[in-house]
Amino acid sequence: MENYAELLATLTQQEQDLQFTAFSSDTALALGLKLVELARAREKTITVNITINGKVLFHHAMQGAAAEQADWIRRKNNVVARFGRCSFYVGIDHKQRGVAFEQIPYLPPQDYAANGGAFPITLRGTGIIGTVCVSGLRQAEDHALAVEALRALLATAPQ
């Protein structure tokens, strides 16, 4: 049995730590390219999507990526938009409470997937403005890759 409370605390801390003071299309490009670079270094195949205020600023499906990854991205991004939390948090939170997310009647599974990989892009003092989403790996790996790329980008960004 996983320690859901500890994982939820970690995810909450990540959401608080990984926030931007500014975000532009150049930031999206740098973040997207960092994700592709990390995946290539690990010989993984992913699809990456960065959407801000409903506008796709970066989308790349690596060679060999499955077509359905775009739909997973849409569904995971919907979870972030609906709950204001990373998709991994929402899924783990429901598991901890013993609720089958896929069976919530007002959240049809064809539109919502509470699986790891979609992380909110948050501007300090403003709130969530979009998402960075990774699809193609196991959900914890999708999430971890997004977090790693965000950390790397924020470490080099002027504050």
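Values reported hereafter were calculated over all heavy atoms of this structure, with side chains retained and with hydrogens, waters and symmetry mates removed. In what follows, residues are counted from 1 in the order of the sequence shown.
- The shortest side-chain heavy-atom distance between H59 and T47 falls under the 4.5 Å cut-off.
- The backbone N or O of Q139 lies less than 3.5 Å from no partner atom in the side chain of N115, so there is not a single donor-acceptor pair.
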> What's the verdict on side-chain contact (heavy atoms from CB on, under 4.5 Å) for L38 and V36, showing C-alpha distance, side-chain angles and the deciding distance?
Replying inline: CA-CA 6 Å; L38 291 170; V36 171; over 6 Å; no

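- Residues F101 and V79 are in side-chain contact: their nearest non-hydrogen atoms beyond the backbone lie under 4.5 Å apart.
- Looking at Q14, its side chain never comes within 3.5 Å of a backbone N or O of V147 through a donor-acceptor pair.
- The main-chain N or O of A118 is found under 3.5 Å from a side-chain atom of S87 such that the two form a donor-acceptor pair.
- A donor-acceptor pair is defined here as one N or O able to donate and one able to accept, closer than 3.5 Å; such a pair exists between the side chain of S24 and the backbone of T27.
- K34 places no side-chain N or O within 3.5 Å of a backbone atom of A146 that could act as its donor or acceptor partner.
- A 4.5 Å side-chain heavy-atom check between L145 and L35 finds at least one atom pair inside the cut-off.
- One distance of note links CZ of F88 with CG of L8; it measures 9.5 Å at 0.5 Å rounding.
- When side chains are defined from C-beta on, R124 does not count as touching F20, because their heavy atoms never get closer than 4.5 Å.
- Formation of a donor-acceptor pair under 3.5 Å by the N78 side chain with backbone atoms of D111 is found in this model.
- Judged by distance alone, with hydrogens and angles left aside, the side-chain atoms of R151 form no donor-acceptor pair with the main-chain N or O of L18 at under 3.5 Å.
- Not a single donor-acceptor pair under 3.5 Å links the side chain of K95 to the backbone N or O of Y4.
- Residues T122 and I129 are not in side-chain contact: their nearest non-hydrogen atoms beyond the backbone lie 4.5 Å or more apart.
- The pair R40-E37 does not meet the salt-bridge criterion, since no charged nitrogen lies less than 4.0 angstrom from a carboxylate oxygen.
- Within the 3.5 Å criterion, the main-chain N or O of E15 finds a donor-acceptor partner in the side chain of Q19.
- Using a 4.5 Å heavy-atom cutoff, the side chains of K76 and T131 are not in contact.
- Here the CG-CG distance, from L57 to L29, works out to 10.0 Å after rounding to the nearest 0.5 Å.
- Closest non-hydrogen pair, L123 versus T21, comes out as CD2-C, 3.9 Å.
- L31 CG to F119 CZ: the interatomic distance, rounded to the nearest 0.5 Å, is 11.0 Å.
- Classified by interplanar angle (parallel below 30°, tilted 30° to 60°, perpendicular above 60°), the ring pair H94/F83 is perpendicular.
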>> I'd like to know whether F58 forms a side-chain contact (heavy atoms from CB on, under 4.5 Å) with L33, so could you lay out the CA-CA distance, the side-chain angles of the two residues, the decisive distance to 0.1 Å, and finally the verdict.
In response: CA-CA 9 Å; F58 185 94; L33 292 174; 4.2 Å; yes

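- No salt bridge links D93 with R85; every basic N to acidic carboxylate O contact stays at or beyond 4.0 Å.
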>> Assess the residue pair V56 and I50 against the criterion (side-chain contact (heavy atoms from CB on, under 4.5 Å)); give the C-alpha distance rounded to whole Å, side-chain angles, the decisive distance to 0.1 Å, and a yes or no.
In response: CA-CA 6 Å; V56 175; I50 300 169; over 6 Å; no

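- A distance-only check finds no donor-acceptor pair linking the side chain of R74 to the backbone of A70 [under 3.5 Å].
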